[in-house]
Undergrad: 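Provided herewith is a single structure, encoded as C-alpha cells, for subsequent inquiry.
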Amino acid sequence: MPSLRKRTKIQAENAEPKDECSFLSELSSGSEEENKDDSIWEPQKKVPRNRRQPASKRSKRKQGPRAKKSSQQVDDESKDVAVKEELNSPVAIVDADLEEKSHKLHTTKTLKTAAKKQKKPVPRAKKRLKVDEETSQASPLEGGGSNVETPSTSACGNVCKKEESEDSFTFGQSPVKRIRTESCPQGRPARVPDGASDIKEEVEMNWDIVQVLSERTNIEPWVCANIIRLFNDDNTIPFIVRYRKELINNLDADFLREVRQTLDELRDVAKKVHSRIQKIKKEGKMSECLLQALLNCKTFEELEHVTAPYKMGSKGTKAQRAKQLGLEGAARTLLENPGQLNLLSYIKPDVKGLSELNDIETGVQHILADMIAKDKDTLDFIRGLCKHRYICIQSSLAKVSSKKVNEKEVDKFQLYQNFSCNIRTIHHHQILAINRGENLKILTVKVNISDGVKNEFCRWCIQNRWRPRGFARPELMKILHNSLDDSFKRLIVPLLCREFRAKLTSDAEKQSVMMFGQNLRQLLLTSPVPGRTLMGVDPGYKHGCKLAIISPTSQILHTDVVYLHCGQGFREAEKIKRLLLHFNCRTVVIGNGTACRETEAYFADLIMKNYFAPLDVVYCIVSEAGASIYSVSPEANKEMPGLDPNLRSAVSIARRVQDPLAELVKFDPKHIGVGMYQHDVSQTLLKATLDSVVEECVSFVGVDINICSEVLLRHIAGLNANRAKNIIEWREKNGPFINREQLKKVKGLGPKSFQQCAGFVRINQDYIQTFCSSQHTDSSGQSQETAMVTNEKLGKKKNKADVTLIPNPLDQTCIHPESYDIAVRFLSFIGGTMCEIGKPEMQQKINVSLGKEGIEKTAERLQTTAHTLQVIIDGLSQPKTFDIRTDFDKPDFKRSIVCLEDLQVGTVLTGKVENATLFGVFVDIGVGKAGLIPIRFITEAKLSKTKRRRSLGLGPGEKVEVKVLNVDIPRSRISLDLLRVL
C-alpha cells in the first residue's frame with residue numbers, strides 16, 4: 001500500500017484542475033451578485049492543505065498546453081512501463097496463483113499493446129458531468145473540497161516507482177493485499193485481481209463509488225471492487241458466498257446483503273442527482289458551481305440541501321417573497337458593507353411589505369435567516385456541535401379523546417408516555433415503538449436541543465461566519481441577531497430534528513429487517529423430521545379441530561374434523577385413537593392458534609392416561625402463522641385441489657414439522673411472524689432481504705431436481721418462476737435428469753443461469769440407477785452408458801449440443817461443475833475413486849493426503865485456490881444423505897403440560913426459542929404463554945461454543961435452559977434468565 005500512496009501523491013502534484021468552481025467560491029465575496037448567491041449553498045469551499053490550488057488566470061491560460069504536454073509524456077515513456085496491466089481493459093477476475101504461471105506470456109502481449117498505444121494520443125478529459133469511477137482514484141475529499149482531480153493509474157503511465165523490497169512489491173502487478181483466512185488468521189498475501197479498478201456506473205459522480213462504499217461498510221476497497229463487479233455480472237449471493245470466497249475475503253451472506261443495500265442507496269442517489277440536474281437545466285438555472293455541488297452529493301440529505309433554493313412552493317417562502325420585493329441587495333449589503341446601508345431608501349408607501357421600516361427590517365431578517373440556514377459551513381458547524389452535546393428524544397401521551405383511541409392500545413405504550421432518552425444511546429426497538437405510537441396518534445414525539453447549543457451557535461455566527469465586514473450600527477446588529485434567532489428556531493432546528501429522526505428510523509428499520517432475516521433463516525433451517533407419519537391439528541372452537549394425517553413422503557392419507565371443546569371430547573377421542581392406530585401415527589402436531597391451549601391440554605391428558613396404547617404418542621406445538629393465508633392461495637388450490645381450505649391448514653401444519661423449508665417457502669415470508677415491527681419498516685427493503693434469505697437457505701440446503709416441487713425450485717439461486725416451470729415441464733416430458741449438463745437443454749436456462757444454479761441442485765444417484773435399470777430392461781440391448789438422447793426433431797437446426805446420458809456421481813455433491821476437472825485430479829492425487837464419494841474410506845484418504853502437504857500446498861499443486869479445494873473436499877467427504885439442517889434443533893416433543901399458575905420464581909425449565917428481537921428473546925416453556933429473556937441476560941459466555949451457529953445471538957428453534965425470575969399472572973408476563981443453550 002505505500003506504493004499506491006506515493007504514486008497518488010505524485011499524480012496529484014502533476015494533476016491539472018478541470019474547472020475553477022472551488023477557486024471562485026473562495027473569492028465569492030468580491031464577485032458579482034449571482035456568484036455570491038451561488039456560494040451560499042455550494043458545499044465545496046475548503047481546500048486541503050496538501051493539495052496545491054493554482055491561480056484562476058494561469059489555469060485558464062495553460063490548460064490546453066498542459067494537457068498536451070501530459071499526453072506527450074505518456075507517449076514518450078510508454079515503453080518503460082509496458083509491463084503494467086491495462087486497467088481499463090475488461091479482464092476477468094482470476095486467481096493470483098494462476099496469474100504467476102502466465103506472467104511471461106502476459107508481459108509479451110502487454111508490450112505489443114503498449115507499442116500500438118504509442119501511435120494513439122491520450123484523449124483529453126471530458127467535461128465533469130460524467131467522471132470515470134475507478135478504484136485507483138484517490139479517496140474523495142471531505143465536503144468535496146477541491147475540484148482538482150487526481151489522474152487514475154489507468155490513464156497515467158508515466159508514474160515513477162520507488163524501489164522497494166521484493167516482499168512488499170511485485171513488478172508490473174497490483175499491490176499486495178492481506179486476506180484473512182481460517183487457517184491463517186493473521187492473513188496471507190494475495191494479489192488483487194486485474195481490472196478491479198475498472199468500475200464504471202451508468203450515472204457517474206465526482207466521488208469514487210468504490211471508495212465511498214468501502215468507507216460506509218468498513219470493508220477494504222479491493223473487496224468492494226470485487227463485490228461490485230460480481231453483482232454487476234448478475235451473480236447471486238449464495239453463489240458468491242460458496243464459490244467466490246477468495247474474492248470477497250470470506251464475508252458471509254448477511255454482510256453481502258448489507259453491502260448490496262448500501263450500493264443500491266449510492267446508485268439511487270446518483271440517479272436522483274442526474275434527474276435534478278436535467279430538471280434544473282430545463283429551468284435555465286444551472287451554473288458550473290451548482291453542477292459540481294450536485295455531483296459531489298453522496299446522500300439524499302445533501303442533495304435536498306443543495307437543491308432547496310430551487311424548489312418553489314405555491315406561495316413561496318418568506319425569504320423568496322422578500323427577494324421579490326427587492327430586499328436581497330439590502331441583506332447582502334448589511335453583511336459586506338453595513339456602513340452604506342440605508343433601509344429608509346427602500347420604503348415605498350404604496351407597496352405592501354415596503355410601506356414601513358419595520359416591514360423592511362422583517363424582510364431583510366427573513367432573507368438573512370434563509371441564507372444562514374442554507375449555508376454549508378454553518379450547517380456543518382451546528383451538526384458537529386450537536387454530536388458533542390446532549391440531544392434527547394422525548395415522547396408523551398397525546399391529548400386525544402378516548403373515543404378515537406382504544407384504551408388497550410394506549411396501555412401498550414405505557415413505557416413511552418413520559419419517555420426521554422439520549423439519541424446516541426436509544427435502542428432501535430424504542431425508536432420503532434415511538435414511531436408506531438406517533439402514527440396511531442397516541443404519542444407526541446419531539447427532539448429537544450438544549451439552549452446551550454443555541455447560545456454557542458449564535459456566538460460563533462456573530463464572531464466568525466456571519467460577522468459584518470465593517471462597522472454595523474446597533475439597529476443593524478439587532479436585525480442580524482434576530483435573523484440568527486429566527487433561522488435557528490424556524491429553519492435549522494426543524495431541519496436537524498428531521499435529520500436526527502430520519503437517521504434513527506433508518507438505522508432501526510435496518511436492524512429490524514436484519515433481525516427478521518436472522519430469525520427467518522433459523523426457522524427455515526430447522527431440522528426436519530423425516531420418516532414419520534404425522535397428524536396435523538388446526539385447533540378451533542365452534543368449527544371444530546381440523547385433522548390431517550400425512551405419510552412419511554408428505555402424501556395426504558386422511559382428513560377429518562373433530563369437536564373437542566363442545567362437550568363431545570370423549571366420543572371424539574375414540575375416533576382419534578382409531579385413526580392413529582390405523583395409520584400407525586405416533587406424532588401429533590398442534591398449531592398455536594385459537595384453542596391451542598385447550599387442545600394441547602386435551603391430548604396431554606389422553607397421553608398421560610396412556611389412552612393410545614400400544615402407541616407411544618407424543619405431541620409438539622408449531623407456529624401456524626401464514627397457514628390460513630396459504631390455504632386459500634392459488635398454490636394451495638393447485639397442490640390440493642378439491643380440499644377444503646380449513647383442512648389445507650392442517651396439512652400445512654403437519655408438513656412444517658416434516659420438512660419446514662419445503663413448506664415455509666410456499667407463502668410470503670413476512671407472514672411467518674418471527675420479526676419485530678415488520679409492518680412498520682420499509683416493505684421494499686423487507687421483501688428484498690427476506691427473499692434473499694429464502695434463496696440462501698434453499699440453495700445451501702440444496703434440492704433434488706427430480707423430486708422437488710416447482711415452488712421450492714424457483715427459490716434456487718439463478719432460477720425464477722418461469723425457469724422453474726420450464727424445468728418441471730422438461731422433467732415431465734423427457735423423464736428425470738440424468739446429470740447436471742442436461743439443465744442446459746431447458747428452455748430459458750442460459751449459461752449464466754446454469755452457472756448460478758448448477759451447484760445447488762442435486763441428482764440422486766440411486767434414483768438414477770433405478771431409472772437407468774428400468775430403461776435398460778425396456779431397451780433392445782443398446783448399452784445405456786453410450787446412449788445419446790436428443791430431443792430435437794429431425795431437420796431442425798440444433799442450438800445446443802447433445803448431452804450424454806451418463807450419470808456423474810459428482811452431481812450429488814455441492815461441487816460446482818466448473819470444478820469437476822479439479823475434483824477428478826484431486827481424486828487421482830489422493831488415490832480415490834468416484835465410488836468412494838461420501839464413504840469413510842474417502843475421508844481417510846483425504847486426511848492422509850492433507851496431513852502430508854496441507855491444503856494450501858495441495859491447492860497450489862492442483863492450480864486452484866484453497867477455498868475451491870475446501871468445497872471439493874466437503875463434497876467428496878460428506879455422506880450422500882448429508883443435510884446442513886441436521887446441525888440445528890428439531891421440534892420439542894412433549895407428553896405433559898404445565899400451567900402458568902404452577903410456575904414459581906427460581907424454577908429451572910427447558911424451553912424453545914419462539915422469536916428473537918432487539919430487546920430480548922421469547923421462549924416457549926410449555927405454559928401457553930412465552931416468557932421473555934431480556935437482552936442483558938444473553939451473554940456470549942452462555943452461548944454454546946461447540947454447536948454450529950448461524951448468528952451470534954439466539955434464534956427460533958433453539959433449546960435453552962432458563963430460570964424463572966418473575967411471574968405476572970394478571971398481565972400474563974414471565975421474566976426469564978438464560979442459564980445455558982442446550
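Values below: all heavy atoms of this structure, side chains included; hydrogens, waters and symmetry mates excluded.
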Undergrad: Does one side chain, of Asn722 or Asn720, offer a donor that lies under 3.5 Å from an acceptor on the other?
TA: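 Their side chains do not contain a donor-acceptor pair, so the 3.5 Å distance test is not met.
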Undergrad: Between Thr505 and Arg501 (side chain of the first, backbone of the second, donor and acceptor by atom type, cut-off under 3.5 Å), is there such a pair?
TA: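 Answer holds: yes.
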Undergrad: Give a yes or no on whether Lys577 atom NZ has more than 12 heavy-atom contacts from other residues, nucleotides or ligands under 6.0 Å away.
TA: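 Yes, enclosed.
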Undergrad: When rounded to the nearest 0.5 angstrom, what is the spacing between CZ in Phe760 and CD1 in Ile705?
TA: 13.5 Å
Undergrad: Do Ser395 side-chain atoms and Tyr416 backbone N/O form a donor-acceptor pair below 3.5 Å?
TA: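 Flag set: sc Ser395 to bb Tyr416 pair under 3.5 Å.
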Undergrad: Under a 4.5 Å cut-off applied to non-hydrogen side-chain atoms, are Leu564 and Ile576 in contact?
TA: yes
Undergrad: Taking only Lys NZ, Arg NE, NH1 and NH2, and the carboxylate oxygens of Asp or Glu, determine whether Asp252 and Arg257 approach each other closer than 4.0 Å.
TA: no
Undergrad: Please list all pairs passing the ring-ring contact (aromatic ring centres under 6.0 Å, His included) test where one or both residues lie in residues 631-677, with sequence neighbours left out.
TA: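 ring-ring contact (aromatic ring centres under 6.0 Å, His included) check on residues 631-677 returns no pairs.
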Undergrad: So, are Glu574 and Arg578 salt-bridged, with charged N and O less than 4.0 Å apart?
TA: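 Salt bridge flag = no for Arg578 with Glu574.
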Undergrad: Looking only at heavy atoms, what is the nearest atom pair of Arg242 and Ser699, with distance?
TA: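 Closest heavy-atom pair between Arg242 and Ser699: NH1-O, 4.4 Å.
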Undergrad: Give the C-alpha distance, both sets of side-chain angles, the deciding distance and a yes or no for side chain to side chain contact (heavy atoms under 4.5 Å, CB included) between Val241 and Phe700.
TA: CA-CA 10 Å; Val241 170; Phe700 285 171; 3.9 Å; yes
Undergrad: Could you name each residue pair satisfying ring-ring contact (aromatic ring centres under 6.0 Å, His included) that touches residues 520-556, not counting sequence neighbours?
TA: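 Checked against ring-ring contact (aromatic ring centres under 6.0 Å, His included) - neighbours excluded - the pairs reaching residues 520-556 are Tyr541-His565.
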Undergrad: Rounded to the nearest 0.5 Å, how far apart are CG of Leu976 and CZ of Phe922?
TA: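 Spacing of CG (Leu976) from CZ (Phe922) equals 10.5 Å.
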Undergrad: Please identify each residue that fulfils salt bridge (Lys or Arg N to Asp or Glu O under 4.0 Å) with Lys542, with sequence neighbours left out.
TA: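 Lys542 satisfies salt bridge (Lys or Arg N to Asp or Glu O under 4.0 Å) with no residue once adjacent residues are dropped.
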Undergrad: Tell me if a side-chain donor or acceptor on Ser512 pairs with a main-chain N or O of Ala508 at a distance below 3.5 Å.
TA: no
Undergrad: Grab the two heavy atoms, one from Val561 and one from Lys546, that are nearest each other, plus how far apart they are.
TA: CG2-CG, 4.2 Å
Undergrad: Please examine the side chains of Phe419 and Ile434, heavy atoms only from C-beta on, and report whether any two atoms are closer than 4.5 Å.
TA: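 Yes, close enough: below the 4.5 Å cut-off.
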Undergrad: Can you name the nearest heavy-atom pair linking Gly593 to Glu624, along with the distance?
TA: CA-OE2, 3.1 Å
Undergrad: Thr587 and Arg532: side chain to side chain donor-acceptor pair (under 3.5 Å), yes or no, with the steps?
TA: CA-CA 8 Å; Thr587 307; Arg532 289 196 188 190; 3.0 Å; yes
Undergrad: Looking at Arg597 and Thr594, would you say the former's side chain and the latter's main chain have a donor-acceptor pair under 3.5 Å?
TA: no
Undergrad: Does the side chain of Ile549 come within less than 4.5 Å of Leu534's, by heavy atoms?
TA: no
Undergrad: Would you please test Leu643 and Thr559 for side chain to side chain contact (heavy atoms under 4.5 Å, CB included) and show each step?
TA: CA-CA 9 Å; Leu643 192 64; Thr559 58; 4.1 Å; yes
Undergrad: Do any N or O atoms from the side chain of Asn519 and from the backbone of Ala916 form a donor-acceptor pair under 3.5 angstrom?
TA: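 Yes: the side chain of Asn519 pairs with the backbone of Ala916.
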Undergrad: For the residue pair Val703 and Val698, establish whether any side-chain heavy-atom pair is separated by less than 4.5 Å.
TA: yes
Undergrad: A side-chain contact here means heavy atoms from C-beta on lying under 4.5 Å apart; do Asn584 and Thr533 qualify?
TA: no
Undergrad: Can you see whether Glu600 engages Tyr619 through a side-chain donor-acceptor pair at a distance of less than 3.5 angstrom?
TA: yes
Undergrad: State, yes or no, whether a side-chain contact exists between Pro669 and Asp691 at a heavy-atom distance under 4.5 Å.
TA: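 A side-chain contact exists here, since the closest heavy-atom pair is under 4.5 Å.
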Undergrad: Using only atom types and a distance under 3.5 Å, with no angle test, would you say the side chain of Asn592 pairs donor to acceptor with the backbone of Ile621?
TA: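 Checked: no pair found.
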Undergrad: Can a salt bridge be assigned to the pair Lys638 and Glu635 using a cut-off of 4.0 Å between side-chain N and carboxylate O?
TA: no
Undergrad: Judged by atom type as modelled, is there a donor-acceptor pair below 3.5 Å linking the side chain of Arg656 to the main-chain atoms of Ser623?
TA: yes
Undergrad: Which distance, rounded to the nearest 0.5 Å, do you find between the CD1 of Ile974 and the CG of Leu965?
TA: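 Here the interatomic distance stands at 11.5 Å.
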Undergrad: Side chains of Arg885 and Leu661: does their closest heavy-atom pair fall under 4.5 Å?
TA: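 Side-chain contact under 4.5 Å: yes.
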Undergrad: Using side chain to side chain contact (heavy atoms under 4.5 Å, CB included), reason through Gln678 and Leu686 one step at a time and then give a plain yes or no.
TA: CA-CA 8 Å; Gln678 61 264 32; Leu686 179 65; 4.0 Å; yes
Undergrad: Can you find a heavy atom in the side chain of Phe516 that is under 4.5 Å from one in the side chain of Val693?
TA: no
Undergrad: Measure across Ala627 and Ser652 and return the closest heavy-atom pair with its distance rounded to 0.1 Å.
TA: CB-OG, 4.4 Å
Undergrad: Check for a donor-acceptor pair, side chain of Arg648 on one end and backbone N or O of Ser631 on the other, with a separation under 3.5 Å.
TA: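 Yes, Arg648 side chain to Ser631 backbone: donor-acceptor pair under 3.5 Å.
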Undergrad: What closest approach, in Å, do Gln658 and Thr553 show between heavy atoms, and which atom pair accounts for it?
TA: OE1-C, 4.3 Å
Undergrad: Run the side chain to side chain contact (heavy atoms under 4.5 Å, CB included) test on Val960 and Arg980 for me, step by step, so that the C-alpha distance in whole Å, both residues' side-chain angles and the decisive distance to 0.1 Å come before the verdict.
TA: CA-CA 6 Å; Val960 294; Arg980 62 190 179 100; over 6 Å; no
Undergrad: Tell me whether Arg655 contacts the main-chain N or O of Ser554 through its side chain, where contact means a donor paired with an acceptor under 3.5 Å.
TA: yes
Undergrad: For the backbone of Ala601 and the side chain of Asp605, can you confirm whether one donor and one acceptor N or O come within less than 3.5 Å of each other?
TA: no
Undergrad: Under the salt bridge (Lys or Arg N to Asp or Glu O under 4.0 Å) rule, what do Arg521 and Asp254 come out as? Steps first, then yes or no, please.
TA: CA-CA 11 Å; Arg521 181 194 294 109; Asp254 287 333; 2.6 Å; yes
Undergrad: If you apply the rule salt bridge (Lys or Arg N to Asp or Glu O under 4.0 Å), what do you find for Glu572 with Lys575, and how did you get there?
TA: CA-CA 5 Å; Glu572 299 290 0; Lys575 180 191 291 187; 3.7 Å; yes
Undergrad: With no hydrogens and no angle check, do the side chains of Gln756 and Thr236 hold a donor and an acceptor under 3.5 Å apart?
TA: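 Looking only at side-chain atoms, Thr236 and Gln756 do form a donor-acceptor pair, the distance falling under 3.5 Å.
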Undergrad: Using salt bridge (Lys or Arg N to Asp or Glu O under 4.0 Å), reason through Lys510 and Glu258 one step at a time and then give a plain yes or no.
TA: CA-CA 9 Å; Lys510 289 180 181 179; Glu258 182 180 343; over 6 Å; no
Undergrad: Does a sphere of radius 6.0 Å around NE2 in His558 hold more than 12 heavy atoms from other residues, nucleotides or ligands, not counting ones at 6.0 Å or beyond?
TA: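 Atom NE2 in His558 is packed in, count exceeds 12.
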Undergrad: Can you tell me how far CD1 of Ile707 sits from CG of Asn764, rounded to the nearest 0.5 angstrom?
TA: 7.0 Å
Undergrad: Show, in sequence, the C-alpha distance, side-chain angles and deciding distance for Arg436 and Asp680, and conclude whether the salt bridge (Lys or Arg N to Asp or Glu O under 4.0 Å) test is met.
TA: CA-CA 7 Å; Arg436 176 180 288 185; Asp680 298 334; 2.6 Å; yes
Undergrad: Can Glu729 and Lys747 be counted as an ion pair, charged N to O under 4.0 angstrom?
TA: no
Undergrad: Restricting to non-hydrogen atoms, name the atom on Ile590 and the atom on Ile653 that form the minimum distance, rounded to 0.1 Å.
TA: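 For Ile590 versus Ile653, the nearest heavy atoms are C-CG2, 4.4 Å.
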Undergrad: Roughly how far apart are Glu958 CD and Thr526 OG1, rounded to 0.5 Å?
TA: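 One gets 10.0 Å once the value is rounded to the nearest 0.5 Å.
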Undergrad: For His429 and His427, take the angle between the two ring planes, folded into 0 to 90°, and tell me which bin it lands in: parallel under 30, tilted 30 to 60, perpendicular over 60.
TA: parallel
Undergrad: Rounded to the nearest 0.5 Å, what's the gap from CZ on Arg723 to SG on Cys757? Could you check?
TA: 8.5 Å
